[in-house]
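Worksheet for the structure shown next.
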Amino acid sequence: MSLFERERQTIVSNEYVDNFDFAEVEEFVKGADKNLFISHHYATKTKMLVQPRGGFPTYQKMFKLYETFAGAGIDVLPITIDSHTRLNDYASAKKMLMLSEENETDMLNGFPLINHGYRTTRKMMTHFNLPVSLRHGTPDARLLVETAIASGIFEIEGGPITYMLPYSKNFPLDKAFLYWKYVEKVCAHYSTLNLPINRESFGPLTATLVPPAITIVIQLLEMLLSLEEGVRSFSVSFSQSGSLSQDIITAKVLKKLAPHYAALHGCAGAKTQLVYHQWMGAFPRNKEFSDALITTATLVATLVGADKIITKTRDEAFGIPTMECNAQAVANTQYILRIVQGLPQFEDGEEEEHLELAVHAIMEAVFNDPADSLWRKAFNAIKHGIIDVPFSPHIINHNAILTLRDPSGSIRIVEPGNVPIPARCLAYERAKAGSFENKTAMVEKIIHDIGVMQ
């Protein structure tokens with residue numbers, strides 16, 4: 001038995017887990033219907049796929065949610081995992097699940113997949129026979145991903161950087177890289193049995209004044225880390241930034257550089273897709289404004305040529321949306337996608353050139369690190385501030401980069417910290433941002449920009 005196989009046996013030997021039967025799971029994946037694989041839908045789609053978020057603790061309520069989504073014309077079902085499971089606290093998740101079932105009250109903010117088990121969950125997934133996307137925010141997702149694939153969930157969101165820097169303060173980043181390396185191996189293994197298991201990075205990050213260059217670099221690195229373990233279907237993503245023109249340029253550069261770096265890494269045959277998230281920052285409390293924001297996001301998704309859009313709801317400012325509100329958001333997004341056809345192309349060669357130059361400079365700095373593996377190079381890049389995510393709570397992130405919006409709403413880097421932005425690019429960014437009388441005025445501007453859509 002290999003070291004990897006021994007690790008798998010240890011991980012699934014958990015008191016809260018079904019008695020795992022790897023041979024039975026492999027037979028299930030081999031014979032699984034192609035409609036369960038989002039990679040199949042990406043390969044054959046004639047329109048942008050639409051996916052909401054959503055997850056409830058009990059099987060019955062999750063089933064009802066899927067029925068509601070199916071009625072709204074959904075393309076991809078979500079399965080949002082509860083926060084106890086995200087922290088690998090399966091004991092608390094079990095207790096809260098029991099209370100939810102007994103009292104018919106939601107005591108968890110998502111579906112506790114580990115506690116439900118793959119044999120039970122698979123009945124629901126095969127019943128609806130639609131692709132399901134696992135969304136969780138877990139640094140150590142090894143058991144969760146084993147259980148998800150055994151359940152018939154063939155798209156896995158996240159990564160060692162995008163599920164750490166926005167969500168965690170103290171979890172060791174080097175461990176996260178190794179745990180996600182395991183996830184990639186599992187996804188690659190099952191991909192050999194049927195259609196590819198799709199991996200999707202989480203591009204929104206902190207969703208707070210993140211400059212496109214940082215977003216793109218992190219997307220490219222998580223893609224390369226996945227491909228080098230054998231994954232062959234990967235989705236890069238980013239979220240609505242607040243600037244229509246900047247989003248279009250970001251998409252152009254991301255769609256151009258993803259296959260470029262994949263080929264440089266010896267993975268030219270891998271399929272890459274683009275996912276666009278509707279606004280992830282603070283939502284307005286005026287629901288009509290929220291509707292306008294969501295409509296604008298759908299229009300931008302069309303302009304950037306996204307393969308999939310992930311929706312938000314008009315109730316975002318008021319807590320977890322109801323399933324009816326979520327389904328309405330799906331139906332509205334599908335309607336907008338039907339009526340926005342033949343949009344004009346937008347070009348900004350100067351903006352595109354500067355962004356591409358900045359991305360290449362950061363990627364070169366990462367690759368030039370003397371470490372012996374890509375994950376160690378990426379780890380060192382974050383440790384040394386070469387990759388710096390604004391407003392990340394994690395202790396390893398430098399938070400030395402300073403960004404704000406220019407008069408057109410585009411996010412600009414005014415202080416790079418240790419991020420190796422070429423002098424020409426930095427001069428361009430600062431010229432666009434404009435000047436400030438003092439630091440107090442700059443801080444006030446940043447505070448305004450954080451709540452710009454409210």
Side-chain angles (χ1 to χ4, degrees), residues 11 53 80-89 109-110 133-145 148 155-187 199-211 213-229 231 234-239 275 277 280-281 362-363 365-366 369 371 373-401 417-419:
I11 287 168
R53 294 176 172 81
T80 301
I81 301 301
D82 71 281
S83 53
H84 289 297
T85 302
R86 294 176 205 175
L87 298 173
N88 308 106
D89 181 3
N109 58 354
S133 181
L134 178 72
R135 319 191 79 81
H136 51 102
T138 310
D140 179 5
R142 294 173 295 172
L143 178 57
L144 189 61
V145 170
E155 175 176 270
I156 310 296
E157 191 201 39
I161 306 173
T162 58
Y163 266 12
M164 277 292 293
L165 297 187
Y167 293 121
S168 177
K169 181 179 180 181
N170 294 311
F171 195 94
L173 183 59
D174 52 351
K175 281 190 176 180
F177 273 108
L178 294 175
Y179 292 158
W180 276 92
K181 197 177 182 70
Y182 174 98
V183 168
E184 311 297 3
K185 287 181 187 293
V186 170
C187 291
R199 286 277 294 108
E200 181 179 314
S201 184
F202 179 65
L205 294 164
T206 59
T208 309
L209 294 176
V210 181
I214 293 293
T215 299
I216 294 172
V217 164
I218 291 173
Q219 291 300 293
L220 296 176
L221 288 174
E222 287 203 342
M223 177 193 73
L224 294 179
L225 290 167
S226 187
L227 298 187
E228 74 174 9
E229 298 300 333
V231 169
F234 193 92
S235 300
V236 292
S237 74
F238 72 103
S239 62
V275 174
H277 292 251
M280 292 287 286
I362 302 171
M363 291 295 284
V366 175
D369 185 274
S373 63
L374 180 58
W375 80 261
R376 287 184 186 278
K377 290 175 188 285
F379 172 80
N380 288 338
I382 296 167
K383 182 180 176 183
H384 298 140
I386 291 170
I387 294 172
D388 194 350
V389 176
F391 299 99
S392 165
H394 201 280
I395 56 173
I396 199 172
N397 190 74
H398 276 223
N399 278 314
I401 192 170
N418 290 343
V419 180

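Fair warning: this is a prediction, and the values are worked out from it, not measured in the lab. The chain is numbered in sequence order, starting from 1.
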If I compare all heavy atoms of Val210 with all of Pro204, which pair ends up nearest, and what's the gap?
CG2-O, 4.4 Å

Who pairs with Glu157 by salt bridge (charged side-chain N to carboxylate O under 4.0 Å, His left out), at least two apart in sequence or on another chain?
Arg135

Here the gap from Thr206 atom OG1 to Leu165 atom CG, rounded to the nearest 0.5 Å, amounts to 9.0 Å

Quick one: does Glu228's side chain get under 4.5 Å of Leu374's, heavy atoms only?
yes

Please examine the side chains of His384 and Ile396, heavy atoms only from C-beta on, and report whether any two atoms are closer than 4.5 Å.
no

Would you check if the side chain of Ser237 reaches a backbone N or O of Gly203 as a donor-acceptor pair within less than 3.5 Å?
yes

Among Phe202, Phe234, Trp180, Tyr163, which residue satisfies the side-chain contact (heavy atoms from CB on, under 4.5 Å) criterion with Glu222?
Phe234

Donor-acceptor pair, distance only, cut-off 3.5 Å: does the side chain of Asn109 make one with the backbone of Ser83?
yes

Strictly by modelled atom types, are Glu155 and Ser133 linked by a side-chain donor-acceptor pair under 3.5 Å?
yes

Pro390 to Pro211 - nearest heavy-atom pair and separation:
CG-CD, 3.8 Å

dist Lys185:NZ -> Glu229:CD (nearest 0.5 Å) comes out at 4.0 Å

Rounded to the nearest 0.5 Å, how far does OH of Tyr167 lie from OG1 of Thr138?
10.0 Å

Any heavy-atom pair between the side chains of Lys181 and Leu225 that's under 4.5 Å?
no

Roughly how far apart are Arg86 CZ and Ser168 OG, rounded to 0.5 Å?
13.0 Å

Measure the spacing between CG of Leu143 and OH of Tyr179 and express it to the nearest 0.5 Å.
12.5 Å

Shortest non-hydrogen contact between Val231 and Leu227, atoms and distance
O-CD2, 3.1 Å

Could you note down all residue pairs passing salt bridge (charged side-chain N to carboxylate O under 4.0 Å, His left out) where residues 167-178 supplies at least one of them, sequence neighbours left out?
none

Kindly say whether Asn88 contributes a backbone atom to a donor-acceptor pair with the side chain of Thr85 at under 3.5 angstrom?
no

Any Ile218 side-chain heavy atom under 4.5 Å of Val389 side chain:
yes

The reported gap from CD1 in Ile382 to CG in Leu221 (rounded to nearest 0.5 angstrom) is 8.0 Å

Taking every heavy atom of His136 against every heavy atom of Ala141, the minimum-distance pair comes out as CE1-CB, 3.5 Å

Heavy atoms, side chains only, cut-off 4.5 Å: are Ser201 and Val236 in contact?
no

Would you find a donor on one side and an acceptor on the other, under 3.5 Å apart, between the side chain of Lys377 and the backbone of Val366?
no

Take a 6.0 Å sphere around NZ of Lys383 and say whether it holds more than 12 heavy atoms from other residues, nucleotides or ligands.
no

For the student: nearest non-hydrogen atoms of Pro160 and Leu173, plus distance:
O-CD1, 3.6 Å

State whether a side-chain donor-acceptor pair under 3.5 Å links Ser392 with His394.
no

Please find the pair of heavy atoms, one from Gln219 and one from Ser235, that lie closest to each other, and give the distance.
OE1-O, 4.5 Å

Just by distance, with hydrogens left out, do Asp388 and Asn418 show a side-chain donor and acceptor under 3.5 Å apart?
no

So Ile216 and Phe238, do their side chains get closer than 4.5 Å, heavy atoms only?
no

With sequence neighbours excluded, residues passing salt bridge (charged side-chain N to carboxylate O under 4.0 Å, His left out) with Asp140:
Arg142

For the residue pair Phe391 and Leu205, establish whether any side-chain heavy-atom pair is separated by less than 4.5 Å.
no

Arg199 (side chain) donor-acceptor with Gly158 (main chain) under 3.5 angstrom:
yes

If the test is side-chain contact (heavy atoms from CB on, under 4.5 Å), which one of Ile362, Val419, Asn380 qualifies with Ile386?
Ile362

